[in-house]
Amino acid sequence: MWDDLKRLAAAREGRRIDGLFTEDAGRAQTFSVEAEGMLFDYSKTQIDTEVLDALLDVARGADVEARREAMFGGAKINETEGRAVLHTALRNLAGTPVEVNGADVMPEVLDTLSRMEALASEVRASKVTDVVNIGIGGSDLGPKMGTIALAPYHDGPRCHFVSNVDGADIADALKLCDPETTLFIIASKTFTTIETMTNARTAWDWLEAKGVSTEGKFVALSSNAEKAGEWGIPASRVFGFEDWVGGRYSMWGPIGLSMMIAVGPENFRAFLEGGQAMDQHFRSAPLAENMPVLLALVGMWHNQVLGHATRAVLPYENRLSRLPAYLQQLEMESNGKSVAMDGETLVFDSGPVVWGEPGTNGQHAFYQLIHQGTRVIPCEFMVGARSHEPNLRHHHNLLLANCFAQSEALMRGRDLDEARGKVAGKFQGAELERQAKHRVFPGNRPSTTLVYPLLDPRTLGLIVALYEHRVFVEGVILDINSYDQWGVELGKELATALGPIVSGRQSAEGKDGSTRQLVAFAQRNT
Ligand SMILES: O=P(O)(O)OC[C@H]1O[C@](O)(CO)[C@@H](O)[C@@H]1O
């Protein structure tokens, strides 16, 4: 299968993407899909009908549809941890039964949602001015990204997100808070993560140092109610979720509480509805018209087939400033694996490096390399047709123009003749040639564009679920487990071992020369 695709890729080497539009007037429509009011256009890539068919064959060959139903049906597809993967149940507002080990999980999911809504409403109506979410990774990135994204709907207390074990993070947040009117949300699936537990303890100590009672000031979001209880948070203030919700897929449930407090339960429900609508599309649309499937296949064409090692996510939506960071965890923690389900080494590349920044800012920072660097970086643009600032329509028109211009420029490029025209009159002879060469853009650089009507809560849900399912499809085709993260363990273990060495309670004997040098230098300069 991969060989076929590699052959198709080789046969297309050097072929111009812009030429494909000249050959086929209907290309834009053929290589785009609309779903739930969003348009995903992947026509500015080398993909043609033959390539698309081959990619769809790969998806069929990997049994994407059967695996998808296994996931939604509660099968334990996270085989290395023996767990189901059911974050979709958290947005199953209809409550249709979803069974794990023969028991319907929906009554508890909906009950927890109601409890969250009651607490959120209570907090929003109270004197609480600041909410501090203390969590890291999936217990931070989702609610933080979502709260920023939904700023126009944010009418609840201020929200702060503390994640880093660097004391600067919590110190800076606490400076902005009044101990009397601050609520701390300790978000940790395991309730053992060292960064989160350290920050939580600092918050507790801060309240005590200010002479303010800790009672009622803490809420826990965790699968480990026992640990939360031992830590001092009563069961009534613990919002639980099961092990079938992966950390990086958890913003739909209790981990989304800070976002719910910020924007209100109704808007949070609209976010869930968006996710659920994307689930329905993913489950019912034929593969060739299935947005997450196509997003995945385009990604695999660029990464696994053409060998482009990174992909840039470029939202032309300032409020999606944290989406690239969110997607880094979602995609790289999920699909950054070297071993297939059967334990054998992968024979092709796993997921790409995902990175990005909002446009237009990125244009003035790293787009130079995207346009003229020696490596090809497939770009994923996204933009809303409308903004929340109708009186600033001229800003939005500029934003749209810039977004669409970038994908056009990446595709078209500028040849030497055109470049000569740019400098003619200023230079002559050999100097004109030299100057012109610097102004050549190779073009033929692929990109996709997602356009949605407006970044509202429902649309945010659609976008997040779209990317979740893209990760799923890529993982199934790669035959890896997208739902474990063993790769983060070793660093954690070594950090635990280095703690006493760094603080001078234990010798660095036995460590490698570099580590010993780093520790010694830090100690000399404390
Ligand atoms: O919610 P927890 O258990 O504190 O974990 C935080 C994060 O740590 C990780 O396990 C990786 O270190 C992520 O998968 C997770 O989102």
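Nothing here was measured: the structure is a model prediction, and the numbers come from that model.
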Nearest non-hydrogen partners of D104 and P97, listed with the distance: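 Closest pair (atom of D104, atom of P97, distance): OD1-CA, 3.3 Å.
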Minimal non-hydrogen separation, G74 against A84, with atom names: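 Heavy-atom minimum between the residues: O-CB, 3.4 Å.
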H388 ring center near Y153 ring center (under 6.0 Å): yes
Under the 3.5 angstrom rule, does the side chain of [X] hit a backbone N or O of [Y] as a donor-acceptor pair?
{"X": "K511", "Y": "L498", "value": "no"}
{"X": "N303", "Y": "S350", "value": "yes"}
{"X": "T310", "Y": "V354", "value": "no"}

Cation-pi, F472 ring and R68 (6.0 angstrom, 45 degrees): no
Cation-pi, F72 ring and R283 (6.0 angstrom, 45 degrees):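 The answer is yes, since R283 meets both limits relative to F72.
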Taking the side chain as C-beta and beyond, is there a heavy-atom pair between [X] and [Y] under 4.5 Å?
{"X": "N224", "Y": "T190", "result": "no"}
{"X": "L119", "Y": "R115", "result": "no"}
{"X": "F191", "Y": "V238", "result": "no"}

Evaluation steps, salt bridge (Lys or Arg N to Asp or Glu O under 4.0 Å), between R124 and D155: CA-CA 9 Å; R124 284 162 59 82; D155 55 3; 2.9 Å; yes
Distance from [X] atom [atom1] to [Y] atom [atom2], nearest 0.5 Å?
{"X": "D243", "Y": "N78", "atom1": "CG", "atom2": "CG", "result": "8.5 Å"}
{"X": "T214", "Y": "L207", "atom1": "OG1", "atom2": "CG", "result": "7.0 Å"}
{"X": "S188", "Y": "L221", "atom1": "OG", "atom2": "CG", "result": "9.5 Å"}
{"X": "N267", "Y": "E273", "atom1": "CG", "atom2": "CD", "result": "10.5 Å"}
{"X": "N133", "Y": "I185", "atom1": "CG", "atom2": "CD1", "result": "5.5 Å"}
{"X": "R269", "Y": "R91", "atom1": "CZ", "atom2": "CZ", "result": "15.5 Å"}

So, [X] and [Y]: side-chain donor and acceptor under 3.5 Å apart, yes or no?
{"X": "D484", "Y": "T80", "answer": "yes"}
{"X": "D456", "Y": "T459", "answer": "yes"}
{"X": "T360", "Y": "N402", "answer": "no"}

CA sep, side-chain torsions, deciding dist, call: T196, I186, side-chain contact (heavy atoms from CB on, under 4.5 Å): CA-CA 7 Å; T196 301; I186 314 304; 3.9 Å; yes
Carboxylate-amine/guanidinium proximity below 4.0 Å for E242 and R83: no
Qualifying residue for side-chain contact (heavy atoms from CB on, under 4.5 Å) with I77, from V476, L86, V85: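 That would be V85.
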Mutual orientation of the aromatic rings belonging to H308 and H302 [parallel < 30°, tilted 30-60°, perpendicular > 60°]: tilted
Pairs flagged by side-chain hydrogen bond (donor to acceptor under 3.5 Å, both in side chains) wherever residues 326-335 is involved - sequence neighbours left out: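 For residues 326-335, and leaving out neighbouring residues, the side-chain hydrogen bond (donor to acceptor under 3.5 Å, both in side chains) pairs sorted by first residue read R248-E333, R248-S334, Y249-S334, R311-E331, Q329-E333, E331-R470, N335-S482.
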side-chain hydrogen bond (donor to acceptor under 3.5 Å, both in side chains) pairs, two or more places apart, involving residues 513-526: D512-T515
